[in-house]
Amino acid sequence: MAATEQPSRAGGGAPLPRRAPAGPPVVELRNVSKRYEGGDVGLENASLTVNRGEFVFIVGHSGSGKSTLMRLLIKETDISEGTMRVAGRDLADIGRRKVPYYRRNIGMVFQDFKLLPNRTVYDNVAYALQVTGGGRRDIREKVPDILRLTGLSTKLHNYPDQLSGGEQQRVAVARAFVNHPPLLLADEPTGNLDPETSIGIMQLLYRINRTGTTVVVATHDVAMVDQMRRRVIELQRGRVVRDQAGARYAGNEPNTAELGAILQEHLET
Amino acid sequence: MRIGFFLKEALRSMRRNPIPSFAAMASVLVTLLVLGVFIPVVQMTTGAANDVRDKVVLDVYLTRDATDAQAERVRELLADRTAHVASVDFVSKEAAYKRERERNPEAYELLGSNPLPDTFRVTPDDPDNIGAIRDALAPATPSGKRTVVDPAIDEVKNRKEETDKILTATSVVKLTMALLCGLLVLASALLVSNTIRLSLFSRRREVEVMKLVGATDWFIRWPFVLEGVILGALGGLLAILLLAVGKIAFIDPLAADFALISAPDTMPLSVLALLLMLAAVAVSALGSGLSLRRFLKV
Ligand SMILES: Nc1ncnc2c1ncn2[C@@H]1O[C@H](COP(=O)(O)OP(=O)(O)OP(=O)(O)O)[C@@H](O)[C@H]1O
Ligand SMILES: [Mg+2]
């Protein structure tokens, strides 16, 4: 299981030096613009690079283009100008029929969870494997594991409408991660959750990031962003107006529990 | 292909969305019931209309002094050298006299001798061709009268008034039936496809989510198509059962009394059932498969 934590390591470039030198950036935007039909600007001449293993926050006011960036990354819509690469692959080269296969390399978490209402927790997560042609054995192996990781072992047979918002979002994260995609995107994953629950979700994303998965989170939650001390990219009317490398914690990188404590501390002050 | 998985998905969705599934099945059922009643009715009516049309004949009267050789020559002319002739019956003057006297004894008592000529009764291959045969045997002259092509022929008559009436009446009946049939099929198709579209519409969010986790179009589509097949088959089966019960309980007892209902050329129930079943399955499978296309464009 890849979700076991790497020993924390201080300093030095990427958070996970073991994987650092490999290959092209996971996400690369060069002068990307996206204009919607009505003339609304989604992105405007945006350039940014996310390397393997990074944990990046995308922040900005409402309408600044955060969701647009996410939608472009899963190729739900296409860019108007510029070039966009994911893991070295130009998204313009991916035809309509190839999109489903491309998406299997990206885990996606949404503000409104987007679970399948007619499936239990277990089946929702299993669906992500079935889509890729995963067999019954594959499912029996991976799904219980990932549900344990996300703390849902007791809710396997509940339907989404029998879960709290936080639990539903955990299911969504489990589904996004069950294939162990190299890139995980989350668009305001805590937007509908209370602060306590949000911390749990952030811890989960952090834990996933520490397995080597690149994580990009769009959020409004400035306080949380500050406490996490990760890289922050700020958008304003579709432009990148700030790209700030993560401030380091004093001492070692915290493990998940320590991070939880840090976030909790902040919550209480 | 993983039929097992897709089948399970289809069953799951029916179990979890019983109301739209029931609506789709009910609309198939109602449509088939109406069709199942209507198709035999159409067949009977057109059958009856065709029977009437078959009565359209052309009478070729020979001259009163025609010899047997001349009669044989005319028969040959009619049977072998005239287009659109289906069959030729010879009615000798004796036979005609006998029949007419039975029908109208007093008048023929007065007449004493037999005024009737030998006659050929010509049945056209299609009632609409009767005019063509007549023109071939007795072409119109510029003066408006008709000549005959053989001196032994006295007159060619097609009982104009009767024929015209029969031809218009039966074609109106046939046209009306065809129109009704077309409308009914259209209405059925609309009803079924609308019901399916509605039930899919309530699930478009689900389809959207499936696409976002990387499902291919066919991976999403197969369960829907299978669901359509199952619901269509269920609706079809139920409709056929009801039709069979209706036939045995109501039509068969009546058929003993009314010749029309047992008219020989309605298709047997088994063929009708097979046809309805095929239609139900095809329409609902295609309906769900095609309606889905719109939602797949995410
Ligand atoms: N499908 C669409 N069609 C037309 N315009 C759109 C569409 N989606 C987004 N926009 C416009 O693009 C701009 C950026 O929207 P986007 O959803 O990316 O913002 P956001 O940063 O995610 O905002 P929020 O924080 O409220 O979620 C807005 O002006 C919005 O109106
Ligand atoms: Mg948004």
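On a predicted model such as this, the values are computed, not experimentally measured, just so you know. Chain identifiers are assigned alphabetically (A, B, ...) following the order of the sequence lines, protein sequences preceding nucleic acid strands; residue numbering begins at 1 within each chain.
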Measuring only between side-chain heavy atoms, which start at C-beta, is [X] closer than 4.5 Å to [Y]?
X       : Y       : value
K211(B) : E76(A)  : no
M210(B) : L116(A) : yes
F110(A) : L212(B) : yes

* Relative to chain B, which of Q130(A), M108(A), R175(A), R136(A) shows the most heavy atom pairs under 4.5 Å? -> Q130(A)

Chain B contact via [X] - side chain, backbone, both or neither, heavy atoms under 4.5 Å:
X       : answer
R119(A) : both
N179(A) : neither
Y159(A) : side chain

* Asked: Sequence neighbours excluded, which residues qualify as ring pair (Phe, Tyr, Trp, His ring centres under 6.0 Å) partners of F224(B)?
  -> none

* Asked: Under a 4.0 Å N-O cut-off, is there an ion pair linking D123(A) with K8(B)?
  -> no

* Asked: With the threshold set at 4.0 Å, does a side-chain nitrogen-carboxylate oxygen contact exist between K114(A) and E206(B)?
  -> no

* **Shortest non-hydrogen contact from V131(A) toward G214(B)** => CG1-O, 3.0 Å

* Y36(A) atom OH, neighbour heavy-atom count above 12 within 6.0 Å -> yes

* Asked: Please walk me through it: do Y127(A) and V209(B) pass side-chain contact (heavy atoms from CB on, under 4.5 Å)?
  -> CA-CA 11 Å; Y127(A) 192 75; V209(B) 174; over 6 Å; no

* Structure fact -> Residues of residues 11-33 of chain B with a heavy atom under 4.5 Å from any heavy atom of chain A, in residue-number order, are R12(B), R16(B), N17(B)

* Rounded distance (nearest 0.5 Å) linking atom CG of N118(A) with atom CD of E9(B) -> 10.0 Å

